[in-house]
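For ligands, and for the atoms within them, numbers begin at 1 and follow the listed sequence. These figures come from a predicted structure and were not determined experimentally. In what follows, every heavy atom counts, from backbone to side chain, and hydrogens, waters and symmetry copies are set aside.
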Amino acid sequence: MRSETGPDVLVVGAGVVGLACAAALARRGRSVLVLERNVAPGREISSRNSEVIHAGLYYPAGSLKATSCCAGRERLYARCAEHGIPHRRTGKLIVATREAEIAILDEIAQLARINGAGEVEILSAGEVAKREPRIRALAGLWSPESGIVDAHALVMSYHAEMEACGGTLVTRTSVVDLSCREGAWRVGTVSPDGDRFSIEAPIVVNAAGLESSRIAALAGLDVVALGYELHLCKADYFAVAPSLGVLCQALVYPVPVPGGLGIHVTLDLGGRYRLGPDVEYVDTPRYDIDPAKADDFAAAVQRFLPEIRSEHLSPDFAGLRPKLQGPGEPFRDFVVAEESAHGAPGLVNLLGIESPGLTSAGEIAERVANLVAQGAPAGG
Ligand SMILES: Cc1cc2nc3c(=O)[nH]c(=O)nc-3n(C[C@H](O)[C@H](O)[C@H](O)COP(=O)(O)OP(=O)(O)OC[C@H]3O[C@@H](n4cnc5c(N)ncnc54)[C@H](O)[C@@H]3O)c2cc1C
């Protein structure tokens, strides 16, 4: 095994969050090394999501999900403009299709105003029909600050910025061991060819997405006692046949369901529509989609888009949410924590970074850079 003295900060994982952290740290003059097990960055959660810029409507007031989403949204729109990242402020419509759901729209509007999710407006059935003629609803909530972004371009922009500021990404390198000795973390890695390598850094940022709980455990933390265990929650998407034409101009969502936002209609920057995602807890990572689910997807969306039939749908892709809460358990917030209090000084854990993590990445990164600045020595 080869061994080397390393950077100020070692980041585990080159998804949007790890690379945003690496860019923020490199911008502040830290030497940064990012280790990624795949052949290229952004191949896991960051490439299997809805690519929605969330306004920050739903999350409990004061939660990190709410604050990092609202601040992250502004940061993200500014970044997209500055770096030429494809995006569009499509707006988003949440629709009530049952009388009881109208009160839920009012609750969401109230929460959105508390959270700072930007302007929101309650629409009547007629106003919904005027805005989106193919959508049927009793009422709607309009959020003009919601939008869509090219997630791959966003990941690449952070990668480029990190490298321009002197940081390095090494791919095909899995972190398999972590131990702390005399104020430094020794990080053991293995390549797909079995080559082993270890490197030292005073600070490790755990941005390993679906594996972040495992990395925390490798660092010696009792993930069960700390509530850091992850539950994988699968999310399937179905593509809508282009023959249906322009279904809607905005993103159209039902009122939220436990565990997710409800099967909704999203569009990508190429103008393709898809339905999803659903919510299915799984024991092991898998990305297959049962085509028979098309019936359930069509039925869910027919409530507000009556012309959708299962024959219009084909399996598109699946993603996995890294959830801290198991099925039926209450809300859990993002964990962004420097772990001195748990006997792991210099380890910054990012756990449970599910939606709205894409929107929040820039803001989470600033938070991580501040944690590092407060507690960690600058490297020479
Ligand atoms: C279905 C779904 C829909 C979503 N929709 C939205 C949305 O519309 N808007 C929004 O804002 N957010 C959304 N999100 C959330 C968003 O996609 C995530 O929060 C974000 O992509 C997480 O990025 P990440 O960098 O933490 O994880 P990842 O992108 O998974 O990156 C983690 C990286 O760590 C690497 N890694 C893991 N273990 C190791 C190891 N041992 N050694 C080296 N490397 C390792 C992985 O290979 C991976 O590349 C959605 C998420 C899901 C699942």
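Taking the ring axis of F317 as reference, the NZ or CZ atom of R274 does not stay both within 45° of it and closer than 6.0 Å to the ring centre. Geometrically, K92 engages Y253 in a cation-pi contact, judged by NZ or CZ lying under 6.0 Å from the ring centre and within 45° of the ring axis.
For the ligand labelled ligand 1, residue L210 lies outside the 4.0 Å heavy-atom shell. Taking 4.0 Å as the cut-off, I53 does not count as a neighbour of ligand 1 on heavy-atom distance. Not a single heavy atom of L350 lies less than 4.0 angstrom from ligand 1. Within the structure, ligand 1 has R48 among the residues with a heavy atom less than 4.0 angstrom away. Under a 4.0 angstrom heavy-atom cut-off, G42 registers as lying outside contact with ligand 1.
Distances between N or O atoms of R321 and those of ligand 1 include no value under 3.5 Å. For ligand 1, one of its N or O atoms has an N or O atom of I353 under 3.5 Å away. Distances between N or O atoms of G209 and those of ligand 1 include no value under 3.5 Å. Checked against a 3.5 angstrom limit, the closest N/O atoms of S174 and ligand 1 fall outside it. Residue contacts with ligand 1: L358 is placed with a nitrogen or oxygen under 3.5 Å of a nitrogen or oxygen of the ligand (distance criterion only). The shortest N or O to N or O distance between S360 and ligand 1 is not below 3.5 Å. Between S50 and ligand 1, an N or O atom pair is found at a separation short of 3.5 Å. For ligand 1, the polar-atom distance check against E211 finds no nitrogen or oxygen pair separated by under 3.5 Å.
Heavy-atom proximity to atom 9 (N) of ligand 1, evaluated over V17, V52, L154, I45, is greatest for V52. For the residues E44, K65, E51, the heavy atom positioned nearest atom 46 (C) of ligand 1 is part of E44.
Atom CG in L76 sits 5.5 Å away from atom CG in L154 (nearest 0.5 Å). Annotation: the span from L371 atom CG to L25 atom CG amounts to 10.0 Å, rounded to 0.5 Å.
The closest donor-acceptor contact from the side chain of E338 to the backbone of G346 lies under 3.5 Å. Between the N115 side chain and the G56 main chain, a donor and an acceptor come within less than 3.5 Å of each other.
For ligand 1, the atoms lying closer than 4.0 Å to a non-hydrogen atom of G357 are 11 (O), 12 (N), 15 (C), 19 (O).
Among all heavy-atom pairs drawn from H231 and L324, the shortest one is CD2-O, 3.4 Å.
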Worked check of side chain to side chain donor-acceptor pair (under 3.5 Å) between S310 and D295: CA-CA 5 Å; S310 52; D295 292 338; 3.1 Å; yes

Stepwise salt bridge (Lys or Arg N to Asp or Glu O under 4.0 Å) check, R136 with E307: CA-CA 10 Å; R136 298 281 171 274; E307 60 201 283; over 6 Å; no

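Taking atom 29 (O) of ligand 1 as the reference point, the nearest protein heavy-atom neighbour is S46 OG, 2.5 Å. The protein non-hydrogen atom at the shortest distance from atom 37 (C) of ligand 1 is A208 O, 3.3 Å. The protein heavy-atom contact nearest to atom 34 (O) of ligand 1 is G13 CA, 3.1 Å. Protein heavy atom at the shortest distance from atom 53 (C) of ligand 1 is L320 O, 3.2 Å. Scanning the protein for heavy atoms near atom 17 (O) of ligand 1, the closest one is N49 ND2, 3.3 Å.
Residues D296 and D278 have side chains not in contact (no heavy-atom distance under 4.5 Å, counting atoms from C-beta outward).
In this structure R367 satisfies the salt bridge (charged side-chain N to carboxylate O under 4.0 Å, His left out) test with no other residue, sequence neighbours excluded. For S63, the side-chain contact (heavy atoms from CB on, under 4.5 Å) partners two or more places apart in sequence, or in a different chain, are Y59, P60, K65, A66, F331, D333.
Ion pairing of R37 with E44 is present here, as a side-chain N (NZ or NE/NH1/NH2) and a carboxylate O approach within less than 4.0 Å.
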